Number of protein chains: 2
Amino acid sequence: MKNERPRRLSTAEERRETVLRTAIGAFAARGYWGTTTTEVAKAAGISQAYVYRLFPSKELLFTAVVEHCFVQVRAALESAAAGAGGGSPEAVLEGMGDAYARLISDNDLMLIQLHAQAAAVSEPAVREAVRQGYARLVEYVRGASGGTDEQVQEFFARGMLCHLIVSMGADEVDAPWTRTLAAGIRHY
Amino acid sequence: MKNERPRRLSTAEERRETVLRTAIGAFAARGYWGTTTTEVAKAAGISQAYVYRLFPSKELLFTAVVEHCFVQVRAALESAAAGAGGGSPEAVLEGMGDAYARLISDNDLMLIQLHAQAAAVSEPAVREAVRQGYARLVEYVRGASGGTDEQVQEFFARGMLCHLIVSMGADEVDAPWTRTLAAGIRHY
DNA sequence: TCCTTGTGTGGTTGACCACTCACATAGAAG
DNA sequence: CTTCTATGTGAGTGGTCAACCACACAAGGA
């Protein structure tokens, strides 16, 4: 299957970023063990072999994806903090919660965090990435909001509750128990 | 090892329970996609082929394990509620939280819940089991504690935070961010 | 023009997976 | 003893996976 149009080459660095971005969607459904490198390649529009030229192993690819997600989350929180800059801790945390809710209205970002958590249990490299990701997040939220330990803890606890709701699709079920769990949780 | 009880009660039923119990440990490390049926068989001390005589497929085995875990969690909450019966909602929830903390001092129970959540994203049968599990849990906690929606929600949010802490081994890291996340969270 | 370097793929490999089947063995009943 | 049934396994099957390798092609410089 010859392509008559001049082939457009991209630099490896650009390709790596494309793969990182598109792999989020691939890993979001079935996580680290349930997703094949062929699926990642298809999502990125390249051959499976080329995935291995860009990333040395599936494990390093996945950890890179996880880190990429944490960077995005942090960026969202930063811009929220900038928007609500100088307000009370409650106001800043409120703004950050709203920004997070918007960020993950596309669920893939959050599902990666869930799957990263699951893989962290037995994959040391993933665990390290998750630890660093949350370490930075927690410190940033604490610093930018000026909230107490209790408030910061509450902020993350609600985030985790969010993951639960989305992962089992509780927002598609209308019942007393889902209303209790999702009460006051925004989603766009 | 003769059984004088009605002999129609086969030993296959006992085996099934053994497998269910031991499979918790097998699935806890790498979840649904990362755990092989051979590992489950080894943990139960039977051949891999016999796993398939006891359970028709890996999916049904896993969902059975998940349901088994939810039953155990519920039983723990029930006995806690019985112990603190009639107290204020806060006292009952406190007792339940403590019972849960004890239950999962062996981490496997909790890790199954985490992996079940992850698998629920793309496996309808698992999602259904997880939904039912949490539906019953939420209704039970609400009813037995008499707490408000907000208190019940807070109870589960803290549970999810617990999962995060354990999955990335935050309790093994001594740093400000881990202390913030784990503040006031018991573990035995 | 040739040569070198970087981008990209088809085809393959060996290991491992979920699942199956023919068969073994033990105990109870006749 | 024979037969029947339930428990249990060894030895596969077809398929899929992560990872590898030989090779093709594109672009730029001399």
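Everything numeric in this text was worked out from a predicted model, so none of it was measured. Each chain gets a letter, A, B and so on, in the order the sequences are listed, and its residues count up from 1.
Rounded to an integer number of Å, the gap from B:Phe62 CZ to C:dC19 C1' is 19 Å. Whole-Å rounding puts the B:Phe55 CZ to C:dA18 C1' distance at 16 Å. Distance, B:Trp33 CH2 to D:dC17 C1': 16 Å, rounded to whole Å. The interatomic distance linking A:Glu123 (CD) with D:dA18 (P) rounds to 13 Å, in whole Å. Between the C1' atom of C:dC19 and the CD atom of B:Glu39 lies a distance of 16 Å, rounded to the nearest Å. Rounded to a whole Å, the CD atom of B:Glu14 is 16 Å from the P atom of D:dA6. Spacing between atom NZ of B:Lys58 and atom C1' of C:dC16 amounts to 12 Å, rounded to whole angstrom units.
Distance check, rounded to the nearest 0.5 Å: CZ of A:Arg186 to OH of A:Tyr100 gives 13.0 Å. With rounding to the nearest 0.5 Å, the separation of NE2 in A:His163 from CE in A:Met160 is 4.5 Å. In this structure, CZ in B:Phe155 is found 10.0 Å from CD in B:Glu94, a value given to the nearest 0.5 Å. Summarising the geometry, atom CG belonging to A:Leu54 is positioned 11.5 Å from atom CD belonging to A:Glu14; distances are rounded to the nearest 0.5 Å.
The overall bend of the helix from C:dT1-D:dA30 to C:dG30-D:dC1, read as the angle between its terminal helix axes built from five base pairs each, is 20° when rounded to 10 degrees.
Applying the side chain to side chain donor-acceptor pair (under 3.5 Å) test to residues at least two apart or on different chains, the pairs with a partner in residues 63-87 of chain B are B:His68-B:Gln72, B:Arg74-B:Glu78.
In this structure, a donor-acceptor pair under 3.5 Å is present between the side chains of B:Tyr134 and B:Gln113.
In this structure, B:Lys42 does not pair ionically with B:Glu39, as no charged nitrogen and carboxylate oxygen lie closer than 4.0 Å. Salt bridge A:Glu123/A:Lys58: absent, no basic N to carboxylate O contact under 4.0 Å.
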Task: Contact state string [nucleotides 8-16 of chain D, B base, S sugar-phosphate only, - no protein heavy atom under 4.0 Å] - done: BBB------
